[in-house]
Every structure is written in C-alpha cells, then in structure tokens.
Amino acid sequence: MILRTHYSGDITPEMDGKEVTLAGWAHETRDLGGIAFLVLRDRKGLAQVTLVKKLVGKELFKSVRSISRESVVQVRGNVKAEPKAPRGFEIMPTEIRVLGSAEVPLPLDPTEKVECELDTRLDSRFMDVRRPSVLAAFEIESAVLRSIRDYFYSQGVTEVFTPKIVAAATEGGTDLFPISYFEKEAFLNQSPQLYKQMLMGAGMDRVFEIGPIFRAEEHDTRRHLNEAISIDLEVSFADDKDAMELLEGAVVAAYRYVTENCLRQLEAIGLNLSVPKVPFRRITYTEALELASERDVKMQWGDDLDTETERFLGETIGEHYFLTDWPSSIKPYYTLPYEDRPEVCRGFDLMHPRMELASGAQRVHDHGMLVSRIKEKGLDPAGFEFYLNAFRYGMPPHAGWGLGLSRLVMTMLNLENIRDAVIFPRDRRRLVP
RNA sequence: GUCCGGAUGGUGUAGUGGCCUAUCAUGGAAGCCUGUCGAGCUUCCGACCCGGGUCCGAAUCCCGGUCCGGGCGCCA
C-alpha cells in the first residue's frame, strides 16, 4: 500500500476541496500561537500544511510542535485554495502521523539556509541529497542516461555488459586495483575497451555499455575519481568520423532531453541550459598546438596536452570541440595510425571548455598490426591472447569511444566538483559511505 | 606524489599574544504570538583537531602528527 495519494508538486489550487494524503519530511515548522505551519517536503517539492488551533483542536495542534525537523510524516487533509499560501494552496489536515522521527541536531541543514562544506555533505550524503538542488542533479543524471540509451537504441546499438573482474593488467599504463579471486590474483577493470572490441569480432556490429570503471591512480583533483561510470560505444564497419558523429549525437540528445523534461530540476539548480550546436568543431592536435603556441611555448609536438594548454584551448574555443589526429606515440596501441603518416593516428578526444569528456578512435583491426603496435608500446602480446584471438578470424573495421558520465553531468550543470555529480564518490581518500 | 592554504558549538563563520568568561548566523530547549513563507520577540544551551614547545600569559607563535580544501603532476 502506497502511503501517499499525491506528491507535493502535483497539487494545484484547482484541487480545492479534494482529500489527499502526502508523505515526506518535515522541512520546517512555524508556530505562530493560534496558527501553525508545517512545510512538508518530498522529492517533487514543498507543500504547506496549515493548522488553525480552533479548527484542528488542541491535541493535533500541540502534536505538531513536537515534530522535529526532518522527521518523516504522513498528512491526510483537504486541499484549500489560498492566495496567502505558497503556490496558492495549503493542506488543511485531519490527521498527521510521524512515521520516522529525526534526531537532533541534524548533521547539516537540508533547507539550504546554512552553507555546508562538501566533505561534511559527503559524510552525511543521505541528508545532503534531501537538499532540492542536490537531488535535482542526480535526477538529471538519470535523465541523461535515459536519453543516451534511447539515442543508442534509435541508432541500432545493442546494450551489453562486460566483466569488471579481469585476469591481468593487460592494458598497460594506468594502475589497476588488485583483488583476491579465490586462489588467483585478479583486478578491477579500468575500461571495457578490449571486451567491446572482441564483440565487434563476435559480429554484434554495434554495442554500448554503461558501467563502472576503476582506476588506481593517485590523482587528487576536482575532476578525477577512482571509480567512475563510463558510457562506452563501439561500432563496426564505421570509422572515426562516424564515431564522432554518434558521440556528438549522444551529447546533444542528452542536453535536449534535459532541457525539455527537467524544468523543475533545472530551476532547483538555478540553471538556464542551452543545447550545444552540432557539428562540434574539429581541431587537429597540430592546430591546437599552434593555437596554444601564442601563449605557451613549453609544449612540443608529441607531448600530451597539459592542464594549462587544455584550459587555454577551452577559453579560446568556448564550446564543445573535438581534438583529432593525435600523435600515435601518446595514444594507446589499439588506435589506428594514418597509413601515409604513421606518426599521426585516428584518435580523438571530445572536449568541453572545462575538461576532456570522452576519448575514442578508429581502431586497429588487423591482427598483425595490432601485435606490432602492442610490442612498440613495450607490452607483451602473450598477455593479450584472449583479445588478439578475436582479430584472427575475421575482424571488421571498427571505431568507438568512452564518455565519462559524471564529467558530462558536471559540465552540463556547471558543477564545481565531480563529487557533486556522484552520489557516493570514491576518491584517493574516501571509501565511506 | 608535490606545492600552497586551512582546522573554532550540530552546521557555516569572526577572532593574528592579555580587551576571550570566544563573535555572528543557523540550530536546539522554554515561553509569547491567527497568515507565516529565511516569520518576529524574550531567556537559556552548545566550540578553539591531537601531541609537544616558547612565553608571566597561546584559539592566536614554533615543531611534529592527523584530517580537509585548492593548484600542479599522474591520468590510453
């Protein structure tokens, strides 16, 4: 049995006289002597419950005074259109039940009147999410996921799951978290990359996966976490240009869906969101260096972009853009080099002015070339056998990318810290809650 | 990892050697109040991160630790 008939946000003055039951949290109470107000909050908004002493009787009136802030309450009563009340209506209660009382003092202030540091908020995340602007960000994140899934389905992409527990640190580069797997050593996967490529060899043609990735790096910034959600796509019989179109398509689909369907949440955050225009600008790595050379001469062709250069490019360009044609030396072995100039490869990054959102590439699909690229990177092909086998019996040309969900949401909502876009973030220090 | 900054009631803060029996807001307790909507008014409650040192005297200065924030690095 559902304990409410309506959410606060669903009630309008036109429902005057209707009996409703609301359930939520005691956002605040105000006792004026002969009249008292209880503001009830649920996920869709606030509703004012008005208690007139003479109407509700001493008992019920008195009971409201004993309800602590943030206690869970159920209120049965009648809607009354009332111009003096917020949103033009109030609830005239016949019954108020406390379903879960809240202790005092609270670990933070859910009414958002008193500021609160991020660390304090994360320690009591369950209460932090009661704050309307915090809840709104996570509801928008859900909308982003929904819209991107819808977009993928409209493009004929199949959703898959690949293992997060893997045998070895086969991808080189970043640090993996080791775990104990019965009598064997295992790791938490840092990317579904190898698996989604194998599924191209499996003939699944177009796949996507939305799932966690784990990186054991010691980075400690506002835009890095050790556990993140990655939106990964891989498509066969397609090249890097096709993959970029699908990427900008997914991003714009998300922005469009949010602007059309999350008005209440955007208002709670105080954000006026506009949809970026496609196609996004394409800028080659070499062009980016030339742009940056006006200010920064430290960068040499072949270096990865440092934070300062990245920020300069963002400020100069001012909107989403693709960085293409990277030096092969700083992209992973599975990125396809250009045939006529192998020092440059068909890898790309999707950039927001504030940071990198996604990276992808046209992949190497020739078995022999892949083996030599692995060797060139100083890795041992023997460790990649399970992966390389998929390239020996008919692997189609393919391309794909991985997009950071939290970075997408963070940049969309202009959040200061990536932890504002993850309900229970895992960073260098935080393992609880 | 590294550099810089910080740690004061439940929460957010003021306070740069004595004026601190520590400021303000929010909150909590008690009371008044029939239209609040960041309600108002009265009274009360509640804090200097830990350890060592300097000094007649330390929230304040020094050393070490812990934790936190920001920058950079690291990051296919």
Side-chain angles (χ1 to χ4, degrees), chain A residues 27-39 46-56 61 65-66 68-70 80 82-90 102-124 127-128 131 169-176 190-191 193-194 213-226 228 230 304-311 326-335 345 347-349 355-356 358-361 363-364 373-374 377 379 400-402 404 407 416-417 419 427-430:
Chain A
H27 191 65
E28 45 193 356
T29 55
R30 276 187 285 275
D31 176 5
L32 275 66
I35 189 169
F37 303 100
L38 164 67
V39 179
L46 304 172
Q48 175 171 287
V49 179
T50 302
L51 296 103
V52 179
K53 199 179 203 168
K54 278 192 247 168
L55 295 179
V56 299
F61 192 86
R65 300 182 59 165
S66 68
S68 57
R69 293 165 76 223
E70 293 304 310
K80 182 184 164 203
E82 173 55 70
K84 279 183 283 189
R87 295 180 49 224
F89 72 86
E90 58 194 7
E103 293 179 18
V104 292
L106 302 170
L108 53 84
D109 170 28
T111 66
E112 307 198 272
K113 278 185 275 193
V114 181
E115 287 298 305
C116 195
E117 286 187 8
L118 181 62
D119 199 54
T120 306
R121 293 171 45 209
L122 292 177
D123 282 342
S124 300
M127 185 155 292
D128 183 47
R131 298 170 8 133
T170 49
E171 299 176 34
T174 62
D175 296 318
L176 303 189
Q190 62 177 164
S191 157
Q193 180 62 29
L194 305 188
I213 58 172
F214 305 91
R215 302 194 172 182
E217 286 136 17
E218 302 257 352
H219 41 45
D220 193 7
T221 76
R222 290 188 292 177
R223 58 189 185 283
H224 290 279
L225 290 174
N226 295 289
S230 178
D304 205 348
L305 299 187
D306 58 27
T307 310
E308 192 186 345
T309 308
E310 212 172 83
R311 209 177 24 240
W326 286 74
S328 302
S329 58
I330 54 172
K331 283 292 176 187
Y333 57 81
Y334 50 73
T335 309
C345 69
F348 59 84
D349 282 2
M355 72 191 81
E356 177 188 335
S359 78
R363 318 296 192 189
V364 176
R373 290 276 291 148
I374 287 171
K377 293 281 178 185
L379 299 167
W401 42 259
R407 286 189 173 191
E416 286 294 308
N417 195 306
R419 292 159 184 78
D427 61 32
R428 181 72 188 81
R429 303 185 186 104
R430 184 173 287 277

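Everything numeric in this text was worked out from a predicted model, so none of it was measured. Labels below follow one simple rule: chain letters A, B, ... track the order of the sequence lines, proteins then strands, and each chain is numbered from 1.
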Check whether [X] reaches the backbone of [Y] with its side chain - one donor and one acceptor, N or O, closer than 3.5 Å.
{"X": "A/R121", "Y": "A/C116", "answer": "no"}
{"X": "A/S68", "Y": "A/A102", "answer": "yes"}
{"X": "A/K84", "Y": "A/F89", "answer": "no"}
{"X": "A/R407", "Y": "A/E356", "answer": "yes"}
{"X": "A/K331", "Y": "A/G360", "answer": "no"}

Between [atom2] of [N] and [atom1] of [X], the distance in whole Å:
{"X": "A/L118", "N": "B/C67", "atom1": "CG", "atom2": "C1'", "value": "15 Å"}
{"X": "A/E308", "N": "B/C74", "atom1": "CD", "atom2": "P", "value": "13 Å"}
{"X": "A/D123", "N": "B/G10", "atom1": "CG", "atom2": "C1'", "value": "13 Å"}
{"X": "A/D306", "N": "B/U2", "atom1": "CG", "atom2": "C1'", "value": "17 Å"}
{"X": "A/L51", "N": "B/U36", "atom1": "CG", "atom2": "C1'", "value": "12 Å"}
{"X": "A/K84", "N": "B/U34", "atom1": "NZ", "atom2": "C1'", "value": "9 Å"}
{"X": "A/D220", "N": "B/U2", "atom1": "CG", "atom2": "P", "value": "12 Å"}
{"X": "A/D175", "N": "B/C74", "atom1": "CG", "atom2": "C1'", "value": "9 Å"}

CE/A/M355 to CZ/A/R311 distance, rounded to the nearest 0.5 angstrom? 11.5 Å
Please report the distance separating the [atom1] of [N] from the corresponding atom of [M], rounded so that it comes out in whole Å.
{"N": "B/C41", "M": "B/U36", "atom1": "P", "answer": "15 Å"}
{"N": "B/G9", "M": "B/G15", "atom1": "C1'", "answer": "15 Å"}
{"N": "B/G17", "M": "B/C33", "atom1": "P", "answer": "49 Å"}
{"N": "B/A7", "M": "B/U60", "atom1": "C1'", "answer": "14 Å"}
{"N": "B/U8", "M": "B/A47", "atom1": "P", "answer": "14 Å"}
{"N": "B/G31", "M": "B/A14", "atom1": "P", "answer": "35 Å"}
{"N": "B/U43", "M": "B/C24", "atom1": "P", "answer": "13 Å"}
{"N": "B/A22", "M": "B/C62", "atom1": "C1'", "answer": "23 Å"}

Quick one: the dot-bracket string of RNA chain B, using Watson-Crick and G-U wobble pairs with both distances under 3.5 Å, [ ] for crossing pairs and | for bases paired to another strand. (((((((..(((.....[.....)))((((((.......))))))...(((((..]....))))))))))))....
Go through A/K80 and A/E82 one step at a time and tell me if the salt bridge (charged side-chain N to carboxylate O under 4.0 Å, His left out) criterion holds. CA-CA 6 Å; A/K80 182 184 164 203; A/E82 173 55 70; 3.6 Å; yes
Under the salt bridge (charged side-chain N to carboxylate O under 4.0 Å, His left out) criterion, do A/D31 and A/R65 qualify, and how do the steps go? CA-CA 7 Å; A/D31 176 5; A/R65 300 182 59 165; 3.2 Å; yes
Looking at [X], does any N or O in its side chain come under 4.0 Å of the phosphate oxygens OP1/OP2 on [N]?
{"X": "A/R30", "N": "B/G35", "result": "no"}
{"X": "A/R87", "N": "B/C37", "result": "no"}
{"X": "A/T120", "N": "B/G12", "result": "yes"}
{"X": "A/R428", "N": "B/C75", "result": "no"}
{"X": "A/N417", "N": "B/G70", "result": "yes"}
{"X": "A/R429", "N": "B/G69", "result": "yes"}
{"X": "A/K113", "N": "B/C37", "result": "no"}

Contact class for [X] (heavy atom, under 4.0 Å): base, sugar-phosphate, or nothing?
{"X": "A/P86", "value": "base"}
{"X": "A/L46", "value": "nothing"}
{"X": "A/K53", "value": "nothing"}
{"X": "A/S68", "value": "nothing"}
{"X": "A/A85", "value": "base"}
{"X": "A/R430", "value": "nothing"}
{"X": "A/E90", "value": "base"}

Please pick, from [options], the nucleotide with the shortest atom-to-atom distance to any side-chain atom of [X].
{"X": "A/F37", "options": "B/U36, B/U34, B/G73", "answer": "B/U36"}
{"X": "A/R311", "options": "B/U11, B/G71, B/C75", "answer": "B/G71"}
{"X": "A/C116", "options": "B/G28, B/G12, B/U34", "answer": "B/G12"}
{"X": "A/K54", "options": "B/G69, B/U34, B/G10", "answer": "B/U34"}
{"X": "A/D119", "options": "B/U11, B/C68, B/G28", "answer": "B/C68"}
{"X": "A/R65", "options": "B/C74, B/G31, B/U36", "answer": "B/G31"}
{"X": "A/E117", "options": "B/C74, B/C68, B/G35", "answer": "B/C68"}

Base B/U13 paired with A/E115 side chain (donor-acceptor, <3.5 Å): no
Treat primed atoms plus P, OP1 and OP2 as sugar-phosphate and everything else as base, then score nucleotides 40-47 of chain B 5' to 3': B for base contact with protein heavy atoms under 4.0 Å, S for sugar-phosphate contact only, - for none. --------
Minimal heavy-atom distance between A/S359 and A/D349, with the atoms involved, is CB-OD1, 2.9 Å
Identify the two heavy atoms, one from A/P110 and one from A/H27, that lie closest to each other, and give their separation to 0.1 Å. O-CE1, 4.0 Å
Walking RNA chain B from its 5' end, the first of A/E218 and A/E28 to be reached, judged by nearest nucleotide, is A/E218
Taking for each residue the nucleotide of RNA chain B with the nearest heavy atom, is it A/E82 or A/S359 whose nucleotide lies nearer the 5' end? A/E82
Please evaluate residues A/R223 and A/T307 with respect to the criterion side-chain contact (heavy atoms from CB on, under 4.5 Å), reporting the C-alpha separation (whole Å), side-chain torsions for both, the decisive distance (0.1 Å), and the verdict. CA-CA 12 Å; A/R223 58 189 185 283; A/T307 310; 3.8 Å; yes
Per salt bridge (Lys or Arg N to Asp or Glu O under 4.0 Å), A/R419 is matched among A/D128, A/D123, A/D427 by A/D427
Would you indicate whether A/E115, at its atom CD, is surrounded by more than 12 heavy atoms from other residues, nucleotides or ligands within a distance under 6.0 Å? no
